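Working notes, structure below.
Quick caveat, the model's predicted, so the values are computed rather than measured.
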Amino acid sequence: MNTTHKTSSMIPFTKMQGAGNDFIVLNGIDHQFNFTADEWRLLADRHFGIGADQILIVEKTSRVDADFKYRIFNADGNEVEHCEIMPGIIVLTITDDGQVTVDMGVPIFNAPDIPFIADHLEHKKIDNYPAAIIGPQIEAHPNFPKRVNAGFVQIIDMHTIMLRVYERGSGETLACGTGACAAAVAGINQNLLDSPFTINTHGGVLTISWNKKEENARGEVDLNELKKSN
């Protein structure tokens, strides 16, 4: 693949997906990636690039309680400000059967920290929201100064839901781990769900548990062989 980046060296990358939510993973420990938003967008393009919902760069960290840090770029080329929102440690546990459990940390409820402008917002209960139409409207709503993911939930029972997520900067994806966790917390806080529960997405099934403090997400992850792009 050709890019407009000033270097022409080969870029090693790994392609991974969980429940259809796919990522390009780059080794930022041994390589530097100073790409523009247009170049990140090209890498994520499914016709002219590698193709992915998001791009994840693993980098060195100065923290003694972590092995590495990471940065995420959406398919539109913009960087996710996850470091501002979730400054804690994310713990991965991989079992012999290929299941991956992620400690997602503590949910945020304070509106300014999200950020979310809550004043004068009307709430309406509307069934069968068309995610592809309503999703972009919620993502770009002025009450969310930095845009937002939009999740659409159908409750099957106290431990089972159906979920569709329109992700900020990526559009509707087959699955979304953070969206699943957000739906779980919202359901519990409204006494509509009880932990643990199963979240069904178009791409697969996720299992979420929440002890009212830290949240865990569990599911299968597929790892494609290491590839290179120039």
Side-chain angles (χ1 to χ4, degrees), residues 1-94 98-106 108 146-149 165 167-171 173-181 203 214-217 219-230:
M1 184 193 72
N2 293 322
T3 72
T4 58
H5 197 256
K6 62 183 179 181
T7 64
S8 59
S9 60
M10 299 290 286
I11 303 172
F13 70 91
T14 302
K15 187 73 181 293
M16 303 182 71
Q17 67 88 14
N21 190 198
D22 60 337
F23 291 79
I24 298 167
V25 182
L26 300 176
N27 177 4
I29 296 175
D30 299 320
H31 305 273
Q32 285 191 338
F33 299 99
N34 299 314
F35 292 172
T36 65
D38 287 340
E39 289 170 327
W40 289 125
R41 186 163 52 247
L42 178 60
L43 285 176
D45 190 285
R46 298 189 183 279
H47 300 286
F48 298 101
I50 300 169
D53 292 326
Q54 293 178 314
I55 301 168
L56 188 151
I57 308 174
V58 179
E59 298 179 327
K60 294 180 180 178
T61 179
S62 58
R63 295 184 60 155
V64 297
D65 55 349
D67 297 312
F68 55 83
K69 66 178 181 180
Y70 67 92
R71 298 163 62 199
I72 295 178
F73 290 83
N74 285 326
D76 65 357
N78 291 316
E79 185 170 3
V80 178
E81 71 280 1
H82 66 283
C83 291
E84 298 177 16
I85 297 176
M86 297 193 316
I89 298 293
I90 293 180
V91 180
L92 300 177
T93 304
I94 305 176
Q99 294 284 313
V100 177
T101 299
V102 183
D103 182 348
M104 299 293 289
V106 180
I108 294 174
K146 293 186 178 180
R147 300 188 297 163
V148 72
N149 291 357
V165 177
E167 293 199 52
R168 173 186 58 177
S170 295
T173 56
L174 293 177
C176 177
T178 53
C181 290
E214 295 181 344
E215 196 166 13
N216 288 309
E220 294 185 354
V221 174
D222 287 340
L223 171 63
N224 292 344
E225 62 180 304
L226 181 67
K227 300 178 181 179
K228 290 187 176 181
S229 173
N230 62 355

Smallest separation among heavy atoms of [X] and [Y], with atom names:
X	Y	result
G20	D53	O-OD2, 3.8 Å
T61	K69	CB-N, 3.9 Å
N74	R168	ND2-O, 2.9 Å
G18	A175	O-CB, 4.1 Å
K15	A52	CE-CB, 4.2 Å
I29	N27	N-OD1, 2.9 Å

(message) Check whether T173 reaches the backbone of N21 with its side chain - one donor and one acceptor, N or O, closer than 3.5 Å.
(response)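 Checking the backbone N and O of N21 against the side chain of T173, no donor-acceptor pair under 3.5 Å is found.
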(message) Would W40 and I24 count as a side chain to side chain contact (heavy atoms under 4.5 Å, CB included) here? Give the steps.
(response) CA-CA 10 Å; W40 289 125; I24 298 167; over 6 Å; no
Between [atom1] on residue [X] and [atom2] on residue [Y], distance to nearest 0.5 Å:
X	Y	atom1	atom2	answer
F33	E39	CZ	CD	12.0 Å
F23	I72	CZ	CD1	6.0 Å
D38	D45	CG	CG	11.5 Å
Q32	E59	CD	CD	9.0 Å
F73	L26	CZ	CG	9.5 Å

(request) Quickly, which of I50, V25, L43 forms a side-chain contact (heavy atoms from CB on, under 4.5 Å) with I55? Name it, please. (result)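 Testing I55 for a side-chain contact (heavy atoms from CB on, under 4.5 Å) against I50, V25, L43 leaves exactly one candidate, L43.
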(message) Could you go through Q54 and V80, starting from their C-alpha distance and side-chain angles, then the distance that decides it, and tell me whether this counts as side chain to side chain contact (heavy atoms under 4.5 Å, CB included)?
(response) CA-CA 10 Å; Q54 293 178 314; V80 178; 4.1 Å; yes
(message) When you compare the side chains of D76 and N78, does any donor N or O come within less than 3.5 Å of an acceptor on the partner?
(response)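 Result is yes, a qualifying pair exists.
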